[in-house]
Amino acid sequence: MISAALLIIHGLASIVLIGAITHQAIMVWPAKHAEQPQAFFTRLRSLPQPSIYANTVVILYAANFFLGAFLYTSYRVDVRPYLEDTGLFLAAGAFETKEHIAVLGLGLLPAYWLFWKEPSRAGSVTARSYITLLLAFFVWWNFIIGHVLNNIRGLGL
Amino acid sequence: MMNRLFPLAVFTSVFAVVYYACFVFSYTPVRFYPLMGEISTQDLPRTAGPAMGWFTWIVIGSVAGLVAGIAALLAPKNMHERIGAHLSWIVPAGVVVWMLWVEKHWFM
Amino acid sequence: MITVLLIFHGLLALFLIGAITHQAIGVWKSKPIPSATFFQSLVNVRGGTYTNVVTILYVMTAIIGGIIYPSYVLDVKGNLADAQINAAIGAFELKEHFAIVGLAMLPSYWYLWKKVPLTEQVLARRLNTALIALMVWTTLVVGHVINNIKGLI
Amino acid sequence: MTRPLPSRLVSALTVFSLVFPVVYTVAYYNEWALFWFYPLVGELYTNLQPPSRGPAMIYYGWIVLAFVSAALAGAIVPRRWAAHLWVGWSWIVPLAATLFTLAYETRWFQG
């Protein structure tokens, strides 16, 4: 029961995380052409200060990572054997990429935070954009795989 | 500008009440059997699988809401101003409370 | 195919919950505030710009939900009943009803945001938006819980 | 205007984020295990246990190894050296680790 509750919290926390990192990623995405000022997506790009998302993203990512790492034991005991027994190797392999990519994202957080806190470093604007986009990819990748796996088999049943 | 809101609010309110009343009183003149992919006005044998009434209640609620909404267009102007906007949330909120009351048995 | 639709249903719900939550928080703002922190920027939104997105996303999410609902009846509800997980059945039943009543609220919700001047009917606009946000949050959390119990394959 | 971060911290964080993905990727590829965790019994071991203990997890070991290595590197590497690092490595190294991971995990999809 606890695993199920923690999994739902893990899912809800990732909703807020994916919102924050997606906002930031859209803002750093190089704009190709001028857009009308009042369009929804234009307002999405023109938020006041993208840096205010940095602390939130770092805190949410780390918290969500450790919650996921804690739940991983339930996955390892209840879900992975089921996937292997039923030959769902694609799902097992997909979740394994989620495990590794989550850790790579964790390692990326210090540099990500640094670039948003120290914008003046030479050549850092491009690097900051790519790091933010990479982190956003990590979050989206893990979010979707997590949902697909959870649909195949849940936790804490 | 306000005179369109009253009919819309009436539609929302009547829809919500009629839709949920159909559910509560199991008024399902037409049933959908997803296993067979069939629609029937009769009870089919158990082999046909579970029957669904959700789509039927939505249609009934929509028709009732539309009729009431159109009728509301004809209502006197000063009624719009007074009742107007608050009808749009009060009745749905009331139906939500009704739902929670009816569905509480699942959680007992 | 059902799995793809379910994941798509979940992703639409994700965008929908982001938009309606922003709007539902922002609509209660009574005076201008700076945008210096994450939470201030969460509140400091122009609610009106979300209305069309919320309406479209809600309708799309509800339609896909309606398409995959028979699979829930066939593949999940029976299992929940057999396992006597009544609370889950009851919760999903609430989800069905909430989703539809929220759908029916969209016309007046849209009208209040797009046609009635923002200085008028403030309380009605706030409560309409709050109620739809409640519907969206309830249906998302319940859907997530039920999907954890039994998925759609 | 917020005060600039101390250069010591800047170099330590930069080096940490460069070393972490490399060590983690090498560790999981080579299945280097600092320790095994057996979730069924909730116990840690520095050597493999019989199957009766249930599935073994090395995942946490890889994370700890990467974290400790990256933290040590961040502390040891001199500021001057770190300052000369091209900022582009900060996204190229994790991106390379990601691409390697995705390529490596295709082993699951080859039937």
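Just so it is clear: chains get the letters A, B, ... in the order the sequence lines come, proteins before strands, and each one is counted from 1. Just so it is clear, the values below take in all heavy atoms, side chains as well, and ignore hydrogens, waters and symmetry mates. Keep in mind it's a predicted model, so treat the numbers as computed, not measured.
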On a heavy-atom basis, the closest approach of Phe11(B) and Ala104(C) is CE2-O, 3.8 Å
Crowding at OH, Tyr27(B) (>12 non-hydrogen neighbours, <6.0 Å) = no
The interface call for Ala91(C) against chain B, heavy-atom contacts under 4.5 Å, is both
Most heavy-atom pairs under 4.5 Å with chain B, out of Gly102(C), Gly90(C), Gly78(C), belong to Gly90(C)
| Given the rule in the side-chain contact (heavy atoms from CB on, under 4.5 Å) test, do Val101(C) and Met99(B) qualify, once you have shown the distances and angles that lead to the verdict? | CA-CA 11 Å; Val101(C) 170; Met99(B) 286 176 188; 3.3 Å; yes
How about Glu96(C) and Trp54(B): does a side-chain donor come under 3.5 Å of a side-chain acceptor?
no
Turns out that what part of Ile58(B) lies under 4.5 Å from chain C's heavy atoms comes down to side chain
Original post:
Would you say the side-chain atoms of Ser88(B) pair up with the backbone N or O of Ser108(C), donor to acceptor, closer than 3.5 Å?
Top reply: no
Where do Trp89(B) and Ile132(C) land on the side-chain contact (heavy atoms from CB on, under 4.5 Å) test, with the steps shown first? CA-CA 10 Å; Trp89(B) 64 270; Ile132(C) 289 178; over 6 Å; no
Here the gap from Leu131(C) atom CG to Thr12(B) atom OG1, rounded to the nearest 0.5 Å, amounts to 10.5 Å
Max heavy-atom pairs within cutoff under 4.5 Å with chain B, candidates Met105(C), Lys77(C), Glu93(C), goes to Glu93(C)
Rounded to the nearest 0.5 angstrom, the CG-CG distance for Asn128(C) and Leu5(B) is 8.0 Å
Contact list (residues 62-71 of chain C to chain B, heavy-atom gap under 4.5 Å, by number) returns Gly66(C), Tyr69(C), Pro70(C)
- Message: Does any part of the side chain of His86(B), heavy atoms only, come nearer than 4.5 Å to the side chain of Leu123(C), both counted from C-beta?
- Response: yes
Bottom line for Ile100(C): the part with an atom under 4.5 Å from chain B's heavy atoms is both
Quiz item: Under the side-chain contact (heavy atoms from CB on, under 4.5 Å) criterion, do Met135(C) and Val96(B) qualify, and how do the steps go?
Solution: CA-CA 9 Å; Met135(C) 306 292 195; Val96(B) 164; 3.6 Å; yes
Any non-hydrogen side-chain atom of Ile85(C) less than 4.5 Å from a side-chain atom of Trp106(B)? no
> How are the rings of His97(C) and Trp57(B) set to each other: parallel, tilted or perpendicular (split at 30° and 60°)?
Replying inline: tilted
- Would Leu103(C) and Phe15(B) satisfy side-chain contact (heavy atoms from CB on, under 4.5 Å), going step by step from the backbone distance to the final call? CA-CA 10 Å; Leu103(C) 189 67; Phe15(B) 174 92; over 6 Å; no
Between the CD atom in Glu103(B) and the CD1 atom in Ile89(C), the distance rounded to the nearest 0.5 Å is 11.0 Å
The interface call for Leu100(B) against chain C, heavy-atom contacts under 4.5 Å, is both
